[in-house]
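Only heavy atoms go into these numbers, but all of them, side chains included; no hydrogens, no water, no symmetry mates. Read the numbers this way: they start at 1 and go in the same order the structure lists the ligands and their atoms.
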Amino acid sequence: MAKIIGGIATSHVPAIGAALDNGKTQEPYWQPVFKGYEFAKEWIQQAKPDVVILVYNDHASAFSLELIPTFALGCAAEFPPADEGWGPRPVPVVKGHPELAAHIAQSVILDEFDLTIVNKMAVDHGLTVPLSLVYGQPKEWPCQVIPVAVNVVQYPAPTGNRCYNLGKAIRKAVESYPENLRVMVWGTGGMSHQLQGPRAGLINQPFDNHFLDQIGPHPEKLTRIEHLEYLRESGSEGIEMVMWLVMRGALNENVRVLHRFYHVPASNTAVGHLVLENVG
Ligand code: DHB
Ligand code: FE
């Protein structure tokens, strides 16, 4: 049977991708950011997931105001990097896992989570920057990836609780897949940031640190954070953190926090990162 071995949470700041692609990782501004990912880069070599279910949000690259799926499941064999205005990132094409994705679609939809099935989709920095942070700059990505895109761009985004329960449904789906696969779930986005309006640049370190502290042992508490609280406390883009709750919901009740990293700022954003291992 397939099993979920652990999870990774990470911000997905686009400028991190640009720093990597342009050889700037050792510059004083970026060096401490990339240092925070050294643990994950080593750990992933032993953990060796066959498939990563990568929860992220599309930033008006594949979708737009014309089409706003709340939860979209990438079922294609391949996902090209999106052109976000300055050409696609020079990263490998993302290989999907159509069989497992179709199985997840069937399982979660019959479980009453009506995801949108997507058979053609370009993937933007929300998905490729986390892959780059953890895997560096390989010729091919070392795992297959099932993108799960969550709408956190256009109101109304799903609640944290809905995201957490979707994670549980994804876990049930994975655990009923007959092939022996090592699966990991990643939650991306956040932490606090606001890219627009009078509060642009807002960062709330106490809020972020509380979130980092609680998501391992007490995720249910975080599922009760309402949209207005995210908006007030973590800025207009802080709502991206609900995607970490999909990841957390897909893990066991007990997890071990293998690595915790927090750094301010990268671009306009507080960078948070956790490596969680399933216990039991
Ligand atoms: C920034 C951060 C994001 O998460 C994002 O999607 C876009 C921009 C930023 O810090 O600039
Ligand atoms: Fe984002």
Q) Would a distance-only check, ignoring hydrogens and angles, find a side-chain to backbone donor-acceptor pair under 3.5 Å from N252 to V279? A) yes

Q.
Main chain of I68, side chain of N151: is a donor-acceptor contact present, judged purely on distance under 3.5 Å?
A. no

Q. Going by the salt bridge (charged side-chain N to carboxylate O under 4.0 Å, His left out) test, which pairs reach into residues 201-229, not counting sequence neighbours?
A. D213-R260

Q.
Within the 4.5 Å heavy-atom criterion, are L274 and L212 side-chain neighbours or not?
A. yes

Q. Could you walk me through whether V91 and W141 pass the side chain to side chain contact (heavy atoms under 4.5 Å, CB included) check?
A. CA-CA 9 Å; V91 292; W141 297 121; 3.7 Å; yes

Q: Everything protein-side that's N, O or S and under 2.8 Å from the Fe ion (ligand 2): list it, residue and atom.
A: H12 NE2, H59 NE2, E240 OE2

Q.
I need the contact residues for ligand 1: any residue with a non-hydrogen atom closer than 4.0 Å to the ligand, ordered by chain then number.
A. H12, V13, P14, H59, H125, H193, L195, E240, A266, S267, N268, T269

**Q.** Distance in Å, T128 OG1 paired with I16 CD1, rounded so as to fall on 0.5 Å steps
**A.** 11.0 Å

Q | Pair listing, side-chain hydrogen bond (donor to acceptor under 3.5 Å, both in side chains) test, anchored in residues 58-70, at least two apart | A | H12-H59, N57-H59, H59-D124, H59-H125, H59-E240, S61-D124

Q.
side chain to side chain contact (heavy atoms under 4.5 Å, CB included) for W244 and L222? Distances and angles first, verdict last.
A. CA-CA 10 Å; W244 293 31; L222 302 181; over 6 Å; no

Q: Before giving the answer on side chain to side chain contact (heavy atoms under 4.5 Å, CB included), spell out for M191 and T269 the whole-Å C-alpha distance, their side-chain angles and the decisive distance to 0.1 Å.
A: CA-CA 7 Å; M191 298 191 91; T269 302; 5.8 Å; no

